[in-house]
Amino acid sequence: MMNKENLIEYIYSIADNSLILGQQLSELCGHGPNLETDIACTNMALDLLGQTRSYYQYVAQLVGANKTEDDIAYLRTERQYKNVLLVEQPSTHFGYVIGRQFLFDVFHLLLLEKLQFSKDETLAAIAKKGIKEVSYHKRFSSDWIKRLGDGTKVSHDKIQEAINHLWPYTEELFDVMPADKEAIECQIGVDAATLKESYVAAVSEIITEATLTLPETKWYQRGGKKGIHTEHMGYLLSDLQYMQRTYPNMKW
Amino acid sequence: MSEKEIKNLDEIFEQRIARDEKIEPKDWMPEKYRKTHIRQISQHAHSEIVGMLPEGNWITRAPSLRRKVALLAKVQDEAGHGLYLYSACETLGVSREELYDQLHSGKAKYSSIFNYPTITWADIGAIGWLVDGAAIINQVPLCSTSYGPYARAMIRVCKEESFHQRQGFEIMMTLAQGTPEQKEMAQDALNRWWWPSLMMLGPTDAESVHTAQSMKWKLKRKTNDELRQQFIDQTVPQAELIGLTIPDPELKWNEERKSYDFGPIDWDEFWQVVKGHGPCNKIRMEARVGAWEEGEWVRDAAMSYAEKQQNKKTKQAV
């Protein structure tokens, strides 16, 4: 039996990624490069927010005291969100949207493929459902990496610029935090460090096919898993939390 | 083709419409029929796409996860409606790019209601309840319109719109039953959206230039004024049910007509918004044109990649 606080922390480290990336994608709805892409990005946002709700409903149940999924989603302080820095990177242009999505999707799928065998039945069930969705996300973002990389000179340069910017944020995905250790020991959680090799191989394959390169980086950015976020995060949360903060304790 | 032959085709065509037969893309049709349909279907498609913007404005700030997901799905439905309406329009021999050009250059119109701002969360409820409510009244008769691809698209659109309308009403009901602040928010939204929603059903019959021809082609089955009355009669009891007040002091049940009498509509405001002077005409167009222009390099990349892949396949085949 795992310590409840650690279990909740562990769930945050997975669920908050879905929330923040879902929020970022949802902001683009209505502004995509064409209708088909707009609809596809919204689909991914819907999947991610759906996963978020399942995780947070579980957390609310663990916390008790009549907490709801919305308390978990909206009423934490910035330091209490445990998403990686990668997913909070801004949607500077479509290349960044796709780059961010791709670099996360590859990890996300590897994670869920392991999490489906978790000894925690709820997490296993959420993961199993998520695998179908995230497989599609990965296909979508990989296809776009190839289109942009091997499309025109302009698109090649733009997606390469995005990958160069985003790649230093990927190492954090594999950091194992104190709460994770207990989750791994109890066979509830996944040891993220063990996913790195498959991740780099999968990413490299697509990047090469897209005629792109991964940048040589000696320094990686990290902090999100400890709740130390980038300056973008505060604005993102201001939007997300606006109604709940302005009108507390109401039903919507 | 001689004048006599055309006249003959024209007669056969009108007879088919009279028999309620569907006209399909490859059938002969009078040029005016084709043009009128391009105008109306594209206007409808543009309204769906521009309509995504005022509601999209609240996706990131929706007050709960349930509401966020529902709103996101709703706005996505509108993108879907746009997609199949543009496709229906393309069957009349016009490309999506041409239609976008007409929208972006201001030549084509879209529903004026989307030139009003969504300034509180309750506006999302009001749009679903009133704007989608009015849209359904406009659109249900189109499910049996004469042009096949449009009629079929409308069947699906109407199903989804009626779901949106219930969803909007449910947002308003929740607010109206909530705290005094929430109720005030709901009433304020109703006050601002009521009159524009009535205008959405189009100018009065006396001023509507397309009505007569459109009735003949079953592109319209009731006049604007009839539709407006239907909307009012249907909506007033709903407002009463949730304890909100329609902002019209002259609104009164007329026992003789079995309908509501209502106050005068400010048509000056309507025409001003149509002409481009509404509160959001400019930012809506900037958002549409901006998305299209910023997306150009992405669309170019997709085309270029597809060509390269095609060439590779051809080479392999050789």
Side-chain angles (χ1 to χ4, degrees), chain A residues 19 22-39 41-43 45-46 49-50 52-53 56-57 68-70 72-74 93-95 98 143-144 146-156 158-159 210 236 238-244 246-247 249-252, chain B residues 45 48-69 71-73 75-80 82-83 86 96 100 120-121 171 174-175 177-179 181-182 185 287-288 290-309:
Chain A
L19 172 71
Q23 173 80 356
Q24 297 250 51
L25 286 170
S26 75
E27 191 177 0
L28 306 173
C29 179
H31 304 275
N34 62 20
L35 276 175
E36 290 81 353
T37 324
D38 206 304
I39 291 171
C41 285
T42 306
N43 258 340
L46 284 167
L49 292 169
T52 307
R53 292 186 68 188
Y56 287 173
Q57 281 162 11
T68 68
E69 59 179 33
D70 292 326
I72 310 299
Y74 294 99
H93 60 57
F94 190 70
I98 292 301
D143 285 349
W144 270 107
K146 289 184 236 165
R147 281 191 200 108
L148 297 179
D150 196 15
T152 63
K153 169 87 173 65
V154 174
S155 69
H156 176 90
K158 281 190 180 250
I159 188 66
L236 203 152
S238 304
D239 270 1
L240 180 77
Q241 298 185 341
Y242 167 65
M243 290 295 288
Q244 289 275 341
T246 313
Y247 304 97
N249 304 317
M250 296 185 198
K251 286 202 165 58
W252 300 98
Chain B
E48 296 283 356
I49 301 311
V50 178
M52 293 170 76
L53 299 168
E55 291 181 280
N57 185 37
W58 278 88
I59 293 171
T60 59
R61 293 176 294 167
S64 69
L65 289 177
R66 182 172 82 93
R67 293 292 186 202
K68 189 191 287 293
V69 168
L71 179 58
L72 194 50
V75 181
Q76 187 192 37
D77 281 347
E78 279 152 17
L83 200 55
Y86 282 124
R96 224 205 280 182
Y100 279 156
T120 72
W121 168 250
I171 291 178
T174 308
L175 294 173
Q177 291 168 352
T179 64
E181 277 165 299
Q182 285 174 305
M185 197 190 282
R288 281 314 323 152
W292 187 246
E293 285 176 354
E294 277 163 35
E296 193 180 1
W297 69 271
V298 178
R299 298 189 301 273
D300 288 349
M303 287 293 271
S304 164
Y305 179 77
E307 272 167 32
K308 282 185 196 174
Q309 295 302 106

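Keep in mind that the numbers below use all heavy atoms, side chains included, and drop hydrogens, waters and symmetry copies. Naming convention: chains lettered A, B, ... in sequence-line order (proteins, then strands); numbering from 1 in each chain. In this text the structure is predicted, and so the values were computed from the model without any measurement.
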*Looking at A:L46, A:V154, A:L240, which has the largest count of heavy-atom pairs under 4.5 Å with chain B?*
A:L46
*Considering only heavy atoms and a distance below 4.5 Å, find which of A:E69, A:R53, A:K146, A:Q24 pairs most often with chain B.*
A:R53
*Closest heavy-atom contact between B:L65 and A:Y74?*
N-OH, 3.3 Å
*Under 4.5 Å from any heavy atom of chain B - which part of A:A45*: both
*Tell me, out of B:Y100, B:W292, B:W121, B:Y86, who's got the most heavy-atom pairs with chain A below 4.5 Å.*
B:W121
*Nearest 0.5 Å please: distance from the SG atom of A:C29 over to the CG atom of B:L53.*
9.5 Å
*For each of B:R288, B:E55, B:E296, B:R66, tally heavy-atom pairs with chain A at distances under 4.5 Å, and name the one with the top tally.*
B:R66
*Mind checking the CG-CD1 spacing from A:L35 to B:I49? Nearest 0.5 Å is all I need.*
4.0 Å
*Can you tell which of B:A306, B:A73, B:A287 has the highest number of heavy-atom pairs within less than 4.5 Å of chain A?*
B:A73
*Find the one option among B:K68, B:E293, B:Q76 whose heavy-atom pairs under 4.5 Å with chain A are most numerous.*
B:Q76
*Please tell me if the side chains of B:V75 and A:T42 come closer than 4.5 Å, counting only heavy atoms from C-beta onward.*
no
*Evaluate the side-chain proximity of A:M250 to B:E181: yes if any heavy-atom separation is below 4.5 Å, no if none is.*
yes
*Do the charged groups of B:R96 and A:E36 touch, with an N to O distance under 4.0 Å?*
yes
*Count the heavy atoms of every other residue, nucleotide or ligand shown that sit under 6.0 Å from NZ of A:K251, and state whether that count exceeds 12.*
no
*State, with a plain yes or no, whether a side-chain heavy atom of A:E27 is found less than 4.5 Å away from one of B:I59.*
no
*Could you give the distance from CZ (A:R147) to CD (B:Q309), rounded to the nearest 0.5 Å?*
9.5 Å
_Under 4.5 Å from any heavy atom of chain A - which part of B:R299_ = side chain
*Please lay out, stage by stage, how B:V298 and A:T37 fare under the test side-chain contact (heavy atoms from CB on, under 4.5 Å).*
CA-CA 10 Å; B:V298 178; A:T37 324; 5.8 Å; no
*Rounded to the nearest 0.5 Å, how far does CG of B:L83 lie from CD1 of A:I39?*
5.0 Å
*With side chains defined as the heavy atoms from C-beta onward, is the minimum distance between B:Q182 and A:Y247 less than 4.5 Å?*
no
*Do the side chains of B:E294 and A:F94 get nearer than 4.5 Å, heavy atoms only?*
no
*Give the member of B:S64, B:G295, B:A62 that has the highest number of heavy-atom pairs under 4.5 Å with chain A.*
B:S64
*Is there side-chain contact between B:D300 and A:S155, with heavy atoms separated by less than 4.5 Å?*
no
*Answer with side chain, backbone, both or neither: which region of A:L19 has an atom nearer than 4.5 Å to a non-hydrogen atom of chain B?*
side chain
*Close side-chain approach of A:Y242 to B:T60, heavy-atom, < 4.5 Å*: no
*May I ask you to test the A:H31-B:M52 pair for a side-chain heavy-atom distance under 4.5 Å?*
no
*Who among A:T152, A:T246, A:D239 has the most heavy-atom pairs with chain B under 4.5 Å?*
A:D239
*Counting heavy-atom pairs under 4.5 Å to chain B, which of A:N43, A:T52, A:D38 comes out on top?*
A:N43
